[in-house]
Amino acid sequence: MMNFDLPHVPPRPSKERQVGLTMVMDKGLSLRDAENFISAAGEYTDLVKFGFGTALVTKDLEKKLALYEEAGIKTYFGGTLFEAFVVRKKFDDYRRFLDKYKMKYAEISDGSMEMEHDLKLNYINELKQQLTVISEVGSKKAGVIIPSDKWVKMMKAELDAGVWKVIAEARESGNVGIYKGDGSANMDLIDDILLHLNPDSILWEAPDKKQQIWFIKLLGANVNLGNIAPHEVIPLETLRLGLRGDTFFDYLPEELKQAK
């Protein structure tokens, strides 16, 4: 959606998109805040994750879910909530919780607790009978290093098990998983992932502007990006379209480019 037909702007698929996804982290917006966010940026938002375990303590959860659904935004609860049920041996209760709120998507992760990967795959196989599953690979703990071949193997196995998208972990802080402690990209890991997997099947968590720019320059305007703050959706869309200084020249023909 643009207010004027400006040439040399990369095409963006319309909703419901399968690529070029923007996933927003809702960490506790009020109903009024959610309404304002949808009014400003709903057209550019594909998914809203209720971060970590916030779905258990969010006031008026049903009303907020209804707001997002009416706006054509997919919703799901953070993988940490799944883990909070599982670590307590309450997986069936988790499924009932999803049913209670008529959820169509669910995230399965093992970033906070230790879980055998075969068990995680079993959970994926069980949940995909009831809804669309998104999985997440990577630890939320800063000191945990997962070899790149293991990352690739787990991502492949989860996609083969039937998940819609697999999330590359970075937390909302953007300094673990696919990023180093200073927030810069772990290029060796990302290169290895891209060597073996279709990038369209991956949702890269990129809460920081520099990370968003890095992925857009690497994979183009229609890279899948997640953990975006609600107030950063419009700025991200301008990055995707070359309407911001950081990507200004990326889509222009050579004759319009100036010496930098």
**Asked** Counting only heavy atoms not in E70, do more than 12 fall under 6.0 Å of its CD?
**Response** no

**Message:** Heavy-atom count check: over 12 atoms from other residues, nucleotides or ligands less than 6.0 Å from F91 CZ?
**Reply:** yes

**Worked verdict on E69 versus T75 for side chain to side chain donor-acceptor pair (under 3.5 Å)** = CA-CA 8 Å; E69 182 174 13; T75 55; over 6 Å; no

**Message:** Testing the 3.5 Å rule here: is there a donor-acceptor pair between the side chains of D246 and Q212?
**Reply:** no

**Prompt:** Is it the case that Y68 and D26 place a side-chain donor and acceptor less than 3.5 Å from each other?
**Reply:** yes

**Item:** Aromatic ring proximity F50/Y76, centre distance under 6.0 Å
**Value:** no

**Request:** Please find out if less than 6.0 Å separates the ring center of F77 from that of F82.
**Result:** no

**Fill in**
Exactly one candidate in K165, K120, K49 meets salt bridge (Lys or Arg N to Asp or Glu O under 4.0 Å) with E107; the answer is K49

Is any side-chain heavy atom of [X] less than 4.5 Å from a side-chain heavy atom of [Y]?
| X | Y | result |
| --- | --- | --- |
| K104 | T132 | no |
| K150 | H117 | no |
| I167 | E205 | yes |
| I108 | E158 | no |
| L67 | E35 | yes |
| P253 | H8 | yes |
| F52 | K27 | yes |
| L61 | Y101 | yes |

Rounded to the nearest 0.5 Å, what separation is found between the [atom1] atom of [X] and the [atom2] atom of [Y]?
| X | Y | atom1 | atom2 | answer |
| --- | --- | --- | --- | --- |
| L194 | M187 | CG | CE | 12.5 Å |
| K102 | E62 | NZ | CD | 7.0 Å |
| I134 | L127 | CD1 | CG | 11.5 Å |
| K74 | L21 | NZ | CG | 7.5 Å |
| E255 | L252 | CD | CG | 9.0 Å |
| D99 | Y94 | CG | OH | 11.0 Å |

For [Y], does its backbone N or O pair with a side-chain atom of [X] as donor and acceptor, under 3.5 Å?
| X | Y | value |
| --- | --- | --- |
| T247 | D250 | no |
| Q130 | E126 | no |
| D110 | M113 | no |
| K128 | A161 | yes |

If every non-hydrogen atom of [X] is compared with every non-hydrogen atom of [Y], which pair is closest and at what distance?
| X | Y | result |
| --- | --- | --- |
| A206 | I228 | O-CD1, 3.4 Å |
| M115 | S109 | CE-O, 4.1 Å |
| Y251 | G242 | CE1-N, 3.7 Å |
| Q129 | N125 | NE2-O, 3.0 Å |
| G20 | N224 | N-OD1, 2.9 Å |
| R244 | L236 | NH1-N, 4.5 Å |

Flag yes if [X] and [Y] sit in one hydrophobic cluster, no otherwise; membership is Ile, Leu, Val, Met, Phe, Trp, Tyr, and two members link when side-chain heavy atoms are under 4.5 Å apart.
| X | Y | value |
| --- | --- | --- |
| F248 | V9 | no |
| I213 | L241 | no |
| L239 | W204 | yes |
| I124 | L203 | no |
| I178 | V223 | yes |

**Prompt:** Residues two or more places apart in sequence or in another chain: which of them pass salt bridge (Lys or Arg N to Asp or Glu O under 4.0 Å) with E43?
**Reply:** none

**Item:** Steps toward salt bridge (charged side-chain N to carboxylate O under 4.0 Å, His left out) verdict (D92, R95)
**Value:** CA-CA 5 Å; D92 288 340; R95 296 184 74 168; 5.1 Å; no

**Asked** What pairs with Y105 under ring pair (Phe, Tyr, Trp, His ring centres under 6.0 Å), at least two apart in sequence or on another chain?
**Response** W164

**Asked** Given the rule in the side-chain contact (heavy atoms from CB on, under 4.5 Å) test, do L218 and I190 qualify, once you have shown the distances and angles that lead to the verdict?
**Response** CA-CA 10 Å; L218 179 69; I190 293 169; 4.2 Å; yes

**Item:** Verdict with supporting geometry, V133 and Y123, side-chain contact (heavy atoms from CB on, under 4.5 Å)
**Value:** CA-CA 10 Å; V133 179; Y123 284 128; over 6 Å; no

**T22/R17 under side chain to side chain donor-acceptor pair (under 3.5 Å): CA gap, chis, key distance, verdict** = CA-CA 10 Å; T22 295; R17 286 179 278 266; over 6 Å; no

